[in-house]
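Input: a single structure, listed below in structure tokens.
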Amino acid sequence: RSLGKDHPDTLESKNNLAECYFFLGRYTESLDINKETLAVRKEKLGPTHPDTLLSMNNIARCYSELGRNEEAAKLQEEAWTLRRQKLGRDHFDTLESLHNLACTRFKLGQHAEALKLYDEGLALRQKKFGANHPVTIDCVFEMSYLRLRDAQKSGDAKGCRQIAQLCEDQKPTSPERRYDVACYWAVTAAALRKEKGATSQAEAQADADHALECLKQAIAAGYKDAAKLKQDKDLDVLRDRADFRQLLAGLTNSPDGQKK
């Protein structure tokens, strides 16, 4: 406070506090602080300064978490336009704004526009960072999650399988992404179980088997969150299996699993 409310260090501290609130799930408090910070940064630094645009992005994230997707999309589009003009179309911050906008458009049911934006952003990431770079893979996984939920809700087992295969084809190395792949195959198996016919049931069994193998790979790679395995509804299709219960028990009884 002794530095003044518009001092860069004061604004940075407020930004950090807002981030803490955000990651604690206190989105309304985070939103209020980000709005205050944005107002001062606009006045002090100008509307196109990178710090100002960062505050805009942070506000949009809060709106999204609060279910205020129309407001989020409006702000994300503005931030994307300004970042594109100020930083260039393939700057990381510009690509982040583009990806966030694509995800919000998808949440709003504007799927064609969302996927057009997503494809544009993915192509730019692949060109700049490479197809196997973590920021490229994260882009694929984040949009795939939204598409999977949409396919799951509509009972589109074929769509679920395409998304699961797409994510596995990215060859993720992190334990968390490998866990995501396992969940996507389990969701696919659950969708297939709801269909009639021997073929669908056989495919459901095969996909459930594959989901378990992917889960084993995630744990071997370092996945340790036993509590999540116990509660994650995406894995419900596996819960009656003895091999799943054995896998869960092994993780739960390990020192790392007990820490969770």
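Numbers for residues simply follow the sequence, beginning at 1. Keep in mind that the numbers below use all heavy atoms, side chains included, and drop hydrogens, waters and symmetry copies.
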Mark yes or no for whether [X], through its side chain, and [Y], through its backbone, hold a donor-acceptor pair below 3.5 Å.
{"X": "Arg41", "Y": "Asp51", "result": "yes"}
{"X": "Lys128", "Y": "Asp90", "result": "yes"}
{"X": "Arg178", "Y": "Ala221", "result": "no"}
{"X": "Asn57", "Y": "Leu53", "result": "no"}
{"X": "Ser154", "Y": "Ala151", "result": "yes"}
{"X": "Asn69", "Y": "Ala72", "result": "no"}
{"X": "Gln201", "Y": "Glu195", "result": "yes"}
{"X": "Ser64", "Y": "Ala60", "result": "no"}
{"X": "Asn253", "Y": "Ala249", "result": "yes"}
{"X": "Asn100", "Y": "Glu96", "result": "yes"}

Gap between atom [atom2] of [Y] and atom [atom1] of [X] - 0.5 Å precision:
{"X": "Cys160", "Y": "Arg149", "atom1": "SG", "atom2": "CZ", "answer": "9.0 Å"}
{"X": "Arg68", "Y": "Leu66", "atom1": "CZ", "atom2": "CG", "answer": "6.5 Å"}
{"X": "Ser55", "Y": "Glu36", "atom1": "OG", "atom2": "CD", "answer": "11.0 Å"}
{"X": "Leu75", "Y": "Glu70", "atom1": "CG", "atom2": "CD", "answer": "13.0 Å"}
{"X": "His133", "Y": "Thr136", "atom1": "NE2", "atom2": "OG1", "answer": "7.0 Å"}
{"X": "Lys158", "Y": "Leu192", "atom1": "NZ", "atom2": "CG", "answer": "12.0 Å"}

Short N-O contact, [X] and [Y], less than 4.0 angstrom:
{"X": "Lys74", "Y": "Glu71", "value": "no"}
{"X": "Lys86", "Y": "Asp93", "value": "no"}
{"X": "Arg161", "Y": "Asp207", "value": "yes"}
{"X": "Arg177", "Y": "Asp138", "value": "yes"}
{"X": "Arg241", "Y": "Asp209", "value": "yes"}
{"X": "Arg239", "Y": "Asp236", "value": "yes"}
{"X": "Asp32", "Y": "Lys35", "value": "no"}

Side chains of [X] and [Y] only: does a donor on one sit below 3.5 Å from an acceptor on the other?
{"X": "Gln76", "Y": "Thr104", "answer": "yes"}
{"X": "Thr52", "Y": "Lys44", "answer": "no"}
{"X": "Glu19", "Y": "Asn15", "answer": "no"}
{"X": "Arg89", "Y": "Thr94", "answer": "no"}

Flag yes if [X] and [Y] sit in one hydrophobic cluster, no otherwise; membership is Ile, Leu, Val, Met, Phe, Trp, Tyr, and two members link when side-chain heavy atoms are under 4.5 Å apart.
{"X": "Phe141", "Y": "Leu235", "result": "no"}
{"X": "Leu146", "Y": "Leu95", "result": "no"}
{"X": "Phe106", "Y": "Leu98", "result": "no"}
{"X": "Leu115", "Y": "Leu101", "result": "no"}
{"X": "Leu87", "Y": "Leu54", "result": "no"}

Got [X] and [Y] here, is their nearest side-chain heavy-atom distance under 4.5 Å?
{"X": "His7", "Y": "Leu11", "answer": "no"}
{"X": "Asp225", "Y": "Lys230", "answer": "no"}
{"X": "Leu31", "Y": "Tyr21", "answer": "no"}
{"X": "Tyr184", "Y": "Tyr145", "answer": "yes"}
{"X": "Arg125", "Y": "Val135", "answer": "yes"}
{"X": "Glu78", "Y": "Met56", "answer": "yes"}

Please find the pair of heavy atoms, one from [X] and one from [Y], that lie closest to each other, and give the distance.
{"X": "Leu108", "Y": "Ala73", "answer": "CD1-CB, 4.1 Å"}
{"X": "Leu166", "Y": "Ser144", "answer": "CD2-OG, 3.8 Å"}
{"X": "Cys214", "Y": "Val181", "answer": "SG-CG1, 4.0 Å"}
{"X": "Leu122", "Y": "Cys139", "answer": "CD1-SG, 4.3 Å"}
{"X": "Ala102", "Y": "Ala114", "answer": "O-CB, 3.2 Å"}

Check the surroundings of atom NZ in Lys14: do more than 12 heavy atoms from other residues, nucleotides or ligands lie under 6.0 Å from it?
yes
Is the number of heavy atoms from other residues, nucleotides or ligands within 6.0 Å of CZ (Phe129) greater than 12?
yes
Just to verify, which of Arg84, Arg83, Arg105 counts as forming a salt bridge (Lys or Arg N to Asp or Glu O under 4.0 Å) with Glu77?
Arg105
Please lay out, stage by stage, how Asn34 and Ser30 fare under the test side-chain hydrogen bond (donor to acceptor under 3.5 Å, both in side chains).
CA-CA 6 Å; Asn34 278 313; Ser30 180; 3.3 Å; yes
Only pairs at least two apart or in different chains count here, so list each ring-ring contact (aromatic ring centres under 6.0 Å, His included) that has a residue in residues 44-102.
none
Which residue pairs pass the ring-ring contact (aromatic ring centres under 6.0 Å, His included) test when at least one of the two sits in residues 198-237, sequence neighbours left out?
Tyr179-Tyr223, Trp185-His210
Check the pair Arg61, Asn58 against side chain to side chain contact (heavy atoms under 4.5 Å, CB included), reporting the backbone distance first and the verdict last.
CA-CA 5 Å; Arg61 289 165 62 214; Asn58 291 343; 3.1 Å; yes
I'd like to check the ring pair (Phe, Tyr, Trp, His ring centres under 6.0 Å) partners of Phe22; sequence neighbours left out, ordered by chain and number.
Tyr27
Which of these, Leu215, Leu148, Asp234, Leu238, sits in a side-chain contact (heavy atoms from CB on, under 4.5 Å) with Cys183?
Asp234
Please determine whether side chain to side chain contact (heavy atoms under 4.5 Å, CB included) holds for the pair Leu124 and Lys127, giving the CA-CA distance in whole Å, both sets of side-chain angles, and the decisive distance to 0.1 Å.
CA-CA 5 Å; Leu124 288 168; Lys127 183 177 180 180; 5.6 Å; no
